[in-house]
Amino acid sequence: MRRGTNLPRMAGFNQTVILDVVRRADSGLTRAQLARRTGLSAQTVTNATRRLLEQGLVREEGEGSRLGPGRPGTLVHLDARGRYAIGVHLDPATMTFVILDLAGNAVAESHLPVPRPDQPERVVEGIVGAIERLVASAGIDRALLLGIGIASPGPIDVDRGIVLDPPHLPGWDGVPLRDAVQAGTQLPVLLDKDTIAAASAHLWDPGVHRSSEFVFFYLGTGVAMSLVIRDEVVRGASGNAGEAGHFVVDPSGPVCDCGKRGCLGAVLGEGILVQQGRAAGVPLPPAGDVIELDQAFTALCAAADAGDARAVEVLETAGRRLGMGAVVVTDLGDLDTVIVGGPLWSRMERHAMPALEKLVASHRVPSSSHSVAVLGSPLGSQVGAVGAGRLVLSQAFTPRPSDLLLHA
């Protein structure tokens, strides 16, 4: 059935279109330039710009180039201090918090160990307290806060804001994380899967890449990936696309819990890398829980940085195995870019990236007409939190044609 256009929403939609164009511009744009880029009339641009100025989302500064007779137009710029969003990444070992300005850049951050990962109530209390402390220390007016984005290990129920029994968070089956944090902070909250949030971070601000077709590999306590097709993250039927832990990349590798050999999760998980390092003779601290395991992995990477050949080999092998998965996915989707990030990757990249790049560069298929770029995320261990915060910004200020539709 055809649906009509909800005309009362048109003004707000045009306003977000203009704001999005201003945000993506390298420098300010005049109203005439905005009209040309958006296809909107001069009067519509003038009205929308006036509202954006009144709301403190843009500012006027400087003059554009003179293209004809008359005075050059005033440049309109994004006012990055006009609004803020909070991003939270819940990893089984560490919680990361960031406050982003309207441009999507971090203006404040903090990191905390997860208090009793097996006790969701304690974790929620820790999240709420950390957010309040970060906002207070940054001196940001709460009236300018758009909301909070939380990136959580999957699976999750996005619509209900519930965490659904993640394998690395025992005791978290059916936890209403979104509503619990919203009640504690009195701010709007959205919940999304960590790997989807991380991939989304690179859509708001492409930064290291210019491709609209890429795969993002997330390496944290677990391993996952997200596909981006035509600048849209593939979410799947339940919003949990990207569970790549049982994607076989080394048939001769270690046995996975699922019974197969060489699954991504079995060869690239934090625990298996620490185990391989210890088996190779690298002196590592004990790893009795997720926090100690994370500390042991940090020690493995530090040993590699110090020149321990045994530790270097473990991380290089991990890079090659990740490359095996990357070439299968890029062939399947005809993708031209691979981006890797996450808490593990930020520590192992120095040694794993060359092996990953070499394997991808050596892989060619007859039907391929392009090379594949391999990039590390510049967001480091913050990628999940930044992505969650940018999802809040995107929800508020990215134009969506669906907003114009009448709903029953």
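Just so it is clear, the model here is predicted, and its values are computed rather than measured. Both backbone and side-chain heavy atoms feed into the values below; hydrogens, waters and symmetry mates do not.
Ion pairing between a basic and an acidic side chain is recognised when a charged N comes within 4.0 Å of a carboxylate O; Arg261 and Asp250 show no such pairing. With respect to Arg347 and Asp294, a salt bridge is recorded, a charged nitrogen being found less than 4.0 Å from a carboxylate O. In this structure, Arg320 does not pair ionically with Glu357, as no charged nitrogen and carboxylate oxygen lie closer than 4.0 Å. The pair Arg321-Glu316 does not count as a salt bridge, with every side-chain nitrogen at least 4.0 angstrom from each carboxylate oxygen. Between Glu232 and Arg230 there is no salt bridge, since no side-chain nitrogen of the basic residue lies less than 4.0 Å from a carboxylate oxygen of the acidic one. Taking 4.0 Å as the cut-off between side-chain N and carboxylate O, Arg235 and Asp192 count as a salt-bridged pair. In summary, Glu125 and Arg116 do not engage in a salt bridge, as defined by a charged side-chain N under 4.0 Å from a carboxylate O.
The main-chain N or O of Lys358 is found under 3.5 Å from a side-chain atom of Ser362 such that the two form a donor-acceptor pair. Panel note: side chain Trp204, backbone Gly389; no donor-acceptor pair is recorded below 3.5 Å. Here the side chain of Arg81 pairs no donor or acceptor atom with the backbone of Gly56 at under 3.5 angstrom. Although no hydrogens or angles enter the test, the distance criterion places a donor-acceptor pair under 3.5 Å between the side chain of His77 and the main chain of Glu61. Looking at Arg390, its side chain does come within 3.5 Å of a backbone N or O of Ala201 through a donor-acceptor pair. Proximity of a side-chain donor or acceptor of Arg178 to a complementary backbone N or O of Arg160 within less than 3.5 Å is detected. Gln182 places a side-chain N or O within 3.5 Å of a backbone atom of Val189 that can act as its donor or acceptor partner. At least one donor-acceptor pair under 3.5 Å links the side chain of Lys193 to the backbone N or O of Asn240. Judged by distance alone, the side chain of Gln186 and the main-chain N or O of Ala183 form a donor-acceptor pair under 3.5 Å.
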Worked verdict on Phe297 versus Leu344 for side-chain contact (heavy atoms from CB on, under 4.5 Å)
CA-CA 8 Å; Phe297 179 76; Leu344 260 65; 3.7 Å; yes

Test side-chain contact (heavy atoms from CB on, under 4.5 Å) on Arg133 and Leu112 and set out the steps.
CA-CA 12 Å; Arg133 290 191 296 272; Leu112 293 172; 3.7 Å; yes

Verify side-chain contact (heavy atoms from CB on, under 4.5 Å) between Glu63 and Thr30, making sure each step is shown before the conclusion.
CA-CA 8 Å; Glu63 294 183 338; Thr30 65; over 6 Å; no

With side-chain contact (heavy atoms from CB on, under 4.5 Å) as the criterion, how do Val340 and Leu322 come out once you've worked through the C-alpha distance, each side chain's angles and the decisive distance to 0.1 Å?
CA-CA 10 Å; Val340 190; Leu322 181 58; 3.9 Å; yes

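Note: Thr96 OG1 to Leu379 CG = 12.0 Å, rounded to the nearest 0.5 Å. From Trp172, atom CH2 reaches atom CG of Leu90 across 5.0 Å, with rounding to the nearest 0.5 Å. Interatomic distance, CD of Gln43 versus CZ of Arg31, reported as 11.0 Å (0.5 Å rounding). A distance of 11.5 Å separates CG of Leu78 from CZ of Arg24, quoted to the nearest 0.5 Å. From Leu134, atom CG reaches atom CZ of Phe97 across 8.5 Å, with rounding to the nearest 0.5 Å. Annotation: the span from Thr330 atom OG1 to His370 atom NE2 amounts to 8.0 Å, rounded to 0.5 Å.
For the side chain to side chain contact (heavy atoms under 4.5 Å, CB included) criterion with Val215, the lone passing option out of Val234, Val228, Val329 is Val329. Each of Asp20, Val45, Thr44, Leu29 was checked for a side chain to side chain contact (heavy atoms under 4.5 Å, CB included) with Thr38, and the lone residue meeting it is Val45.
Inspection of the Ser226 and Thr195 side chains reveals an N or O donor paired with an N or O acceptor under 3.5 Å. For Glu313 and Gln276, the side-chain atoms include no donor-acceptor pair closer than 3.5 Å. For the 3.5 Å distance criterion, the side chains of His246 and Asp257 fail to qualify, holding no donor opposite an acceptor. A donor-acceptor pair shorter than 3.5 Å cannot be found between the side chains of Asp91 and His168.
Within a 6.0 Å sphere centred on CE of Met324, heavy atoms belonging to other residues, nucleotides or ligands number 12 at most. Remark: Asp118 CG is packed, more than 12 non-hydrogen atoms of other residues, nucleotides or ligands lying under 6.0 Å away. Few gaps surround CZ on Arg310; more than 12 heavy atoms of other groups in view lie less than 6.0 Å from it.
Pairing each heavy atom of Leu144 with each of Gly82, the nearest pair is CD2-O, 3.5 Å. Smallest separation of non-hydrogen atoms from Asp194 and Pro153: OD2-CA, 3.4 Å.
The aromatic rings of Phe216 and His202 are tilted relative to each other, their planes meeting at an angle between 30° and 60°.
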